[in-house]
Amino acid sequence: MNLITIKKVEYIFNMLAVLGISIVLMMGFIFQFFLHELPCPLCLLQRVGFTLIAMGFLFNLRFGLRPSHYAIVLLSAVYTGFVALRQVSLHVIPGTGNYGSAIFGLHMYTWSFIFSVLAIIVTTIMLGIDRQYEPAHINNTQYKKYVHALFALFFIITLANAISVWAECGWQECPDNPTGYIHSIS
């Protein structure tokens, strides 16, 4: 594979990663607003982790492919995985109950852990492709409108998350088992 093709594949990978994380965060909103399952504090921390993971990929799209951006992804995925594993450990013992609905038999926090581990593995593989860091001019104008759309989508999702957390928790610590909103969203 030539250098330009490698860079294009990496560029597309970063766009798909941001899109995938945006879908994961939107699924959280579907559970929150349509199934009326308010996120717990650990759920909110996992959303922060996914937001940080996406930021590393967005940095690659905006500033070029750099190991430091992949490092942001890796550290954020480790953080998200630890938070998800903490929540899994709270509900793994029979009789302790669970939090939220299951998707394909697994709860959101379990999926969060799985996605975090996958992000670590795939990003480590992508980080190891040395040729992507060699200087080469790549014409990204064909992807520019998609990248702008991803930035806009991700900004809207992040802003919506901030507003929903404020509505749920206000300026204080979020309750362990939230039952309603403190502030009206409408």
Could you pull out all residues at least two apart from [X] that satisfy ring pair (Phe, Tyr, Trp, His ring centres under 6.0 Å)?
X: F50; value: none
X: F115; value: W111
X: F13; value: F57

Atom CD of E173 with >12 non-hydrogen neighbours under 6.0 angstrom: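 For E173, atom CD is not crowded (no more than 12 foreign heavy atoms under 6.0 Å).
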Trace of the side-chain contact (heavy atoms from CB on, under 4.5 Å) decision for V78 with F82: CA-CA 6 Å; V78 168; F82 279 136; 3.4 Å; yes
Going by atom type alone, with no hydrogens or angles, which donor-acceptor pairs under 3.5 Å involve a side-chain atom of residues 15-31 and a protein atom two or more places apart or on another chain?
from: S22; atom 1: OG; to: V18; atom 2: O; distance (Å): 2.9

Taking all non-hydrogen atoms of both residues into account, name the closest pair between [X] and [Y] and its distance.
X: T80; Y: S116; result: CG2-OG, 3.3 Å
X: L38; Y: E168; result: CB-OE2, 4.2 Å
X: N14; Y: Y70; result: ND2-OH, 3.3 Å
X: F113; Y: G81; result: CD1-O, 3.4 Å

Set of residues satisfying side-chain hydrogen bond (donor to acceptor under 3.5 Å, both in side chains) with respect to T123, sequence neighbours excluded: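 Residues passing side-chain hydrogen bond (donor to acceptor under 3.5 Å, both in side chains) with T123: none at all.
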Separation between CG of N161 and CG of L159, rounded to the nearest 0.5 Å: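 Result: 9.5 Å between the selected atoms.
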From R47 atom CZ to T158 atom OG1, the distance as rounded to the nearest 0.5 Å: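 Rounded to the nearest 0.5 Å, the CZ-OG1 separation comes to 11.5 Å.
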Sub-4.5 Å side-chain heavy-atom contact between E10 and M126: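 Touching, per the 4.5 Å side-chain cut-off.
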Transitive ILVMFWY side-chain link [X] to [Y], under 4.5 Å:
X: L35; Y: L44; answer: no
X: L75; Y: L127; answer: no
X: I163; Y: I156; answer: no

Check against side-chain contact (heavy atoms from CB on, under 4.5 Å), F151 and V147: CA-CA 6 Å; F151 268 89; V147 171; 3.6 Å; yes
Go through the structure and list residues passing side-chain contact (heavy atoms from CB on, under 4.5 Å) with [X], not counting sequence neighbours.
X: S89; result: R86
X: L45; result: L42, Y79, V83
X: A77; result: I53, A119, I120
X: F59; result: M55, F63, H69, I72

side-chain contact (heavy atoms from CB on, under 4.5 Å) between V73 and S76, intermediate numbers included: CA-CA 5 Å; V73 172; S76 302; 5.9 Å; no
Test side-chain hydrogen bond (donor to acceptor under 3.5 Å, both in side chains) applied to Q87 and Q46, step by step: CA-CA 10 Å; Q87 192 166 5; Q46 289 167 60; 2.6 Å; yes
L52: hydrophobic cluster co-members (side-chain, 4.5 Å):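 Same cluster as L52: V48.
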Sulfur-sulfur distance C40/C174 under 2.5 Å: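 Their SG atoms do not fall under 2.5 Å; no disulfide, then.
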M108 and C43: CA distance, side-chain angles, deciding distance, side-chain contact (heavy atoms from CB on, under 4.5 Å) verdict: CA-CA 8 Å; M108 289 285 276; C43 302; over 6 Å; no
